[in-house]
Amino acid sequence: MKKLLSIALLSGIFSMQAYAQKPAEDKSKRPSPPAKVTQQINDGATITINYSQPSIKGRTIGKTIDPMDGKVWRTGANEATTFETDKDVTIEGVTLPAGKYGLFTLWNGNDVTIILNKTWEQWGAFNYKEVDDQLRFNTSATDVNPATERLTFMVSPDGEVSMLWGPKKISFMVK
């Protein structure tokens, strides 16, 4: 009996070690690879956006691909997109405390609601809860030409945050 217990115990230890030594996933090999933009804006705050870049791949935004389906969108692919600031900033006249937030969007045609949510560490928007929103504000999508194949975020030194995807551009100011 002791021998059987010892074998079971050793087997459990070795299987736990094998699990613990599993190599980290190479996220750059995903169909929607990770991207990051970091910019110090004119008031000295540093803005960082981490996201995954889905591609259009011949699909139509709002018809055969998110985000214009009336549901909260993770604003990217894979894990939720994050928006981080190392200092308090102002967006649309409202103070956003320094910290890290999940960046979600809600599309209604060209009317877009930007959502910064306290729960930033989550997969997609499956566990999104409105009660955790830190800040919500409205903006509009504009048409751009040429279209952008991969979702791309940019932050300018003056604090303009832009998201380009397909034929659409969404922007807002951070001060």
Side-chain angles (χ1 to χ4, degrees), residues 16 18-41 45-89 91-92 94 96-108 112-139 141 147-156 159-172 174:
M16 284 178 15
Y19 179 77
Q21 294 175 0
K22 182 180 175 183
E25 175 190 5
D26 181 358
K27 293 179 181 181
S28 68
K29 305 280 189 225
R30 290 177 173 176
S32 299
K36 177 179 177 178
V37 60
T38 299
Q39 177 68 53
Q40 186 174 30
I41 60 174
T46 299
I47 304 298
T48 302
I49 301 173
N50 279 294
Y51 62 106
S52 291
Q53 293 185 290
S55 295
I56 299 294
K57 297 180 186 175
R59 300 173 289 185
T60 303
I61 294 176
K63 292 185 181 172
T64 55
I65 189 172
D66 287 343
M68 294 182 209
D69 62 357
K71 298 177 188 165
V72 172
W73 181 50
R74 68 182 110 188
T75 317
N78 307 316
E79 296 87 357
T81 293
T82 62
F83 180 97
E84 186 172 6
T85 176
D86 65 345
K87 294 182 179 178
D88 293 358
V89 294
I91 301 175
E92 295 296 312
V94 178
L96 178 71
K100 193 172 193 176
Y101 302 92
L103 191 156
F104 300 93
T105 49
L106 183 59
W107 292 64
N108 183 13
V112 181
T113 301
I114 305 289
I115 304 165
L116 296 173
N117 187 276
K118 296 174 198 170
T119 307
W120 59 270
E121 193 171 24
Q122 59 179 293
W123 185 265
F126 301 109
N127 296 314
Y128 166 82
K129 293 181 178 93
E130 186 174 345
V131 69
D132 292 332
D133 289 354
Q134 179 69 40
L135 177 63
R136 272 182 175 237
F137 59 94
N138 297 317
T139 188
T148 305
E149 175 63 22
R150 284 193 179 269
L151 175 70
T152 302
F153 278 95
M154 297 182 295
V155 181
S156 69
E160 181 181 30
V161 175
S162 299
M163 181 190 91
L164 296 154
W165 198 34
K168 299 294 180 183
K169 177 182 179 182
I170 299 166
S171 296
F172 59 92
V174 179

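Just so we're clear, the structure is a prediction, and the values are computed from it rather than from any experiment.
- Side-chain contact check for Ile170 versus Ile114: some heavy-atom pair is nearer than 4.5 Å.
- Side-chain contact check for Met163 versus Leu151: some heavy-atom pair is nearer than 4.5 Å.
- A distance of 9.5 Å separates NZ of Lys87 from CD1 of Ile41, quoted to the nearest 0.5 Å.
- With sequence neighbours excluded, the residues that form a side-chain hydrogen bond (donor to acceptor under 3.5 Å, both in side chains) with Thr38 are Thr48.
- A pairwise comparison of heavy atoms in Phe104 and Ala80 identifies CZ-CB, 3.9 Å as the closest pair.
- Note that CZ of Phe153 is 5.5 Å distant from CD1 of Ile49, once rounded to the nearest 0.5 Å.
- The structure places NZ of Lys129 at 8.0 Å from CD of Gln122, a figure rounded to the nearest 0.5 Å.
- Of all the heavy atoms in Met154 and Val37, the pair that sits closest is CA-CG2, 4.4 Å.
- A side-chain donor-acceptor contact under 3.5 Å links Asp86 to the backbone of Thr46.
- Although no hydrogens or angles enter the test, the distance criterion places a donor-acceptor pair under 3.5 Å between the side chain of Thr75 and the main chain of Thr105.
- Under the 3.5 Å distance criterion, with hydrogens and angles disregarded, no donor-acceptor pair is assigned to the side chains of Asp132 and Tyr101.
- Between Glu149 and Lys57, some side-chain heavy-atom pair lies under the 4.5 Å cut-off.
- One distance of note links CG of Leu135 with CD of Glu92; it measures 8.5 Å at 0.5 Å rounding.
- Closest approach of Glu79 to Ser52, counting heavy atoms only: OE1-OG, 4.3 Å.
- Listed here is the closest heavy atom pair of Ala45 and Val89: CB-CG1, 3.7 Å.
- Aromatic ring orientation, Trp165 versus Trp73: parallel (interplanar angle below 30°, classes split at 30° and 60°).
- The backbone N or O of Ser171 lies less than 3.5 Å from no partner atom in the side chain of Glu160, so there is not a single donor-acceptor pair.
- Looking at heavy atoms from C-beta onward, Val72 lies in side-chain contact with Ile115 at the 4.5 angstrom threshold.
- By the 4.5 Å heavy-atom criterion applied to side chains, Thr113 and Phe137 are not counted as neighbours.
- Remark: side-chain polar atoms of Gln53 are not paired, donor with acceptor, to backbone N or O of Thr152 under 3.5 angstrom.
- Annotation: side chain of Pro97 is in contact with side chain of Gln134 (closest heavy-atom distance under 4.5 Å).
- Considering every non-hydrogen atom in both Ala141 and Trp107, the closest pair reads CB-CZ3, 4.0 Å.
- For the atom pair CZ (Arg74) and CZ (Phe126), the distance works out to 5.0 Å, reported to the nearest 0.5 Å.
- Put simply, CG on Asn117 and CD on Glu130 are 9.5 Å apart, with the number rounded to the nearest 0.5 Å.
- Put simply, the side chain of Leu96 reaches to within 4.5 Å of the side chain of Leu116, judged on heavy atoms.
- In terms of the side-chain hydrogen bond (donor to acceptor under 3.5 Å, both in side chains) criterion, Thr60 has no residue partners (sequence neighbours excluded).
- Between the side chain of Gln40 and the backbone N or O of Ile47, no donor-acceptor pair lies under 3.5 Å.
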